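In what follows, a single structure is set out as structure tokens and then discussed.
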Amino acid sequence: PPVRLDLAYRLQTEGAPLKAQYHTPVAATLRLRDDYDNHPAVEQNGDAIEEKFAKEEWKTFHVHFLRFVYQFIPGIIINPIQWAFDKGKGRICIDCSNGPNEWGSVNTYIPRPKDDIELECPPVYYQEAFRRFLRHILRMRITKPQMEILVHADDVEAAFRRVLYHPDAAIAFAYVYRDFVIVPVGQVFGSRNAPSFYCLFADVRQAVAACLPDKTTDDLDPLATGCELSIDTSTPLVQVPPDTHHPPLTMPELERMFNASYVDDNAVAQFLSNIRQAIDHSVQSAFDVFGSGDTRRGDCLQEKKWTKEVTEEFLFLGFLINTRKMTVSWPLYKRQSLYDELTKVMQRRPRRWVTPREMARIIGIVRSASEIAPWGTFLSFNLQNSLNKSAQHAFSSDRKWWNRTKIKLIAIDTIKQLMETLLAPEGDPLWTRPIALYLDRDHTHTVYSDASYGGIGGWSSDFSFLWRITRQTMVDAGFDMKPIKLKSMEPTDPKAAGLHINPLEYIGALINLWLVLQCAIAAGPIVGGYILALMSDNTTTLAWISVASRTKDPLLQGLARLGAALLVNAAKHLTKVCPLHIPGDQNDVADALSRPPTAENPSQNVLNSVIAQWSQLDDCRICLLPFELLTEIASVISLQPTTELLTLEPKFLPLGVRTWDLESTIYGN
């Protein structure tokens, strides 16, 4: 990320924000927010909150006055306190967005992060930290494939509080508690621009860590020398082939230490021989930027929270990263927590119900896991659609629907699907992805498909196959096809019942994906995995590969379940699927395969003539698809995903055979 030393210097010397345009609420609004007296959870956890405030007072995080004094502080804004319990401990959050009225909340007047308002709310770059860290690990393995990579994480103590407010702006983030009005000295957790201003310092820390000179062993910080290093020699180091996206590290890059910061979470990666220096750079940069030796606030890196064990595996941003296996996974303890929460929901009687807060939390967790889990995208959107349907029918005259929503059957089925996979062992392919398949890399294989109302076709020279299915074969398999004109193969009535061209194109892509998996299973794994470019000239098809589960159409929901099942199996067999668009005029080979002969033109696009016309098909074998594959796809509208397709097998004619007895390349019908 770019390092704004100019803004960081001003922030350190002037305080946050560097510019503010907050509107002072009218007196009536101020009194209303004083009377509101914080969110309900505050009163329920009063003793814990008072203890927390006492600790913060010792660390000079705020200045407090008797409560009535707020009436004599011009420009003060009172923000409600919320008590949040997370990661086994309670946290005081200052809710700068909500309360008894919107116009009395300071976040109403703070813009979102942008370049052109950097003095009010600077842009942030931490959202790329996770990928940036994985990309660096991948390049390290490519550069020195036989050297162990060790990783370590730390987080800054009371991170936001270490960024001090400008004296004139601090009152905009004030809050009341019992007999006191409290004005913060450092940034509160809850203001919109707190992450932006903190990240100015975090970005400087990353740059400082890369620039610091190495020390002698005797001069290293005790936090670095106290670390215990260990490696696992029981398994070999997983290798990754280089590609244009991830070239080997240059010599200057090898000489610099690498840190990646996601707000206050910081990750370090370095080869075994130099890991202590890397950790020392990280520690020293934190002390240089955020301070050390402060007797009241303490060091920004606390020894009591410091992880001494440095290995090839660590937890970063909720995901388990293993540099020996080169994998990233959603850990079992997080899946167990979600499983327990879903179990409580499913045990509710007589009717299963969920609160909107629970709904948002569950969907958010599953969507986060979808970063590395192929089921995640499908199930999170499916669950969201299902729960939204439940909420739509949950309104009552007194609006108490907000407290609980009855779960409809389709949502219950989706939750059951999710729960069946959550307790898979640590490292299970369902919840683990190789880093090489998580990041963008050069494609190793390419497949093409196209569809018309007269048929579907596909081919791949990399996997050496071509196939064709005619409209009549699809009708025989149970597909509802539109009536078409014999000459043009276009619908006689576009509004007539039957499959639209978009689902037909999607079916073509799914058949190609099914074939690729069959070929990959037969050929076995390759170094770095299969990176599949799934080419189609239909943009809707490409979108459906990932997000068809968003649709409310039951037909497409069924196809989405099929696609999700194939993506799960692709992940199991180390295959990354990249849906890509190809212009229609460049997809002419697949187009020819999708337009079989008609009764009016029986010699048009006969299979052997298509093969002879296009040299790209010279090395492709005619693939005979099992007719049962088509019948399975035709009957895919069900609540359970179809995973039995891989028990079916394609048959390949010998290379050089250019004819087949049927117009469709199928068998078993």
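Side chains included, hydrogens not; waters and symmetry mates left out as well; all remaining heavy atoms used. Quick caveat, the model's predicted, so the values are computed rather than measured.
Between the side chain of Asn512 and the backbone N or O of Tyr448, at least one donor-acceptor pair lies under 3.5 Å. Side-chain N or O atoms of Asp340 include none that pairs as donor or acceptor with a backbone N or O of Arg335 at under 3.5 Å. Between the Ser285 side chain and the Val208 main chain, no donor and acceptor come within less than 3.5 Å of each other. Side-chain atoms of His281 come within 3.5 Å of backbone N or O of Ala209 as a donor-acceptor pair. Between the side chain of Glu313 and the main chain of Ile321, no donor-acceptor pair closer than 3.5 Å is present. A donor-acceptor distance shorter than 3.5 angstrom exists from the side chain of Arg276 to the backbone of Ala224, with no hydrogens or angles considered. Judged by distance alone, the side chain of Thr323 and the main-chain N or O of Ile149 form a donor-acceptor pair under 3.5 Å. Formation of a donor-acceptor pair under 3.5 Å by the Gln239 side chain with backbone atoms of Leu237 is found in this model.
Under 3.5 Å, the side chains of Thr244 and Arg441 contain no donor-acceptor pair of N or O atoms. The closest side-chain donor-acceptor pair between Ser261 and Asn266 falls under 3.5 angstrom. In summary, the side chains of Asp280 and Gln284 do not present any donor paired with an acceptor at a separation below 3.5 Å, with no hydrogens or angles considered. Side-chain N/O atoms of Thr216 and Asp218 include no donor and acceptor closer than 3.5 Å. A donor atom on one side chain and an acceptor atom on the other are not found under 3.5 Å apart for Asp440 and His246. In this model, a donor atom of one side chain and an acceptor atom of the other lie less than 3.5 Å apart for Gln206 and Arg132.
For the pair Lys576 and Tyr530, the cation-pi test (distance below 6.0 Å, angle within 45°) is failed. Within the cation-pi definition used here (under 6.0 Å to the ring centroid, within 45° of the axis), Arg135 does not qualify as a partner of Phe130. Judged by the 6.0 Å and 45° rule, Arg162 forms no cation-pi pair with Tyr198.
Ring pair Trp330/Trp431 is tilted by interplanar angle, where 30° to 60° counts as tilted.
Between Ile142 and Val240, the shortest heavy-atom contact is CG1-O, 3.6 Å. Residues Ala286 and Cys300 share a closest heavy-atom pair of O-SG, 3.5 Å.
With salt bridges taken as basic N to acidic carboxylate O contacts below 4.0 Å, one links Arg324 and Glu148. Under the 4.0 Å criterion applied to side-chain N and carboxylate O atoms, Lys19 and Glu14 are not assigned as salt-bridge partners. Looking at Arg4 and Asp6, a side-chain N of the basic residue comes within less than 4.0 Å of a carboxylate O on the acidic one, giving a salt bridge. With salt bridges taken as basic N to acidic carboxylate O contacts below 4.0 Å, one links Arg161 and Glu56. Electrostatic pairing of Arg361 and Glu341 counts as a salt bridge here, judged by a charged N lying under 4.0 Å from a carboxylate O.
Atom CD1 in Ile81 sits 5.0 Å away from atom CD1 in Ile94 (nearest 0.5 Å). Annotation: the span from Met257 atom CE to Cys211 atom SG amounts to 12.0 Å, rounded to 0.5 Å. Between the CD1 atom of Ile531 and the CG atom of Asp243 there is a distance of 8.5 Å, given to the nearest 0.5 Å. Atom CG of Leu254 is separated from atom CG of Leu249 by 5.0 Å, given to the nearest 0.5 angstrom. Of the inter-residue distances, the one linking Glu118 atom CD with Leu7 atom CG reads 4.5 Å to the nearest 0.5 angstrom. Here CZ of Phe53 is found 7.0 Å from CD1 of Ile49. Values are rounded to the nearest 0.5 Å.
In this structure, His152 has its ring center no closer than 6.0 Å to that of Phe314.
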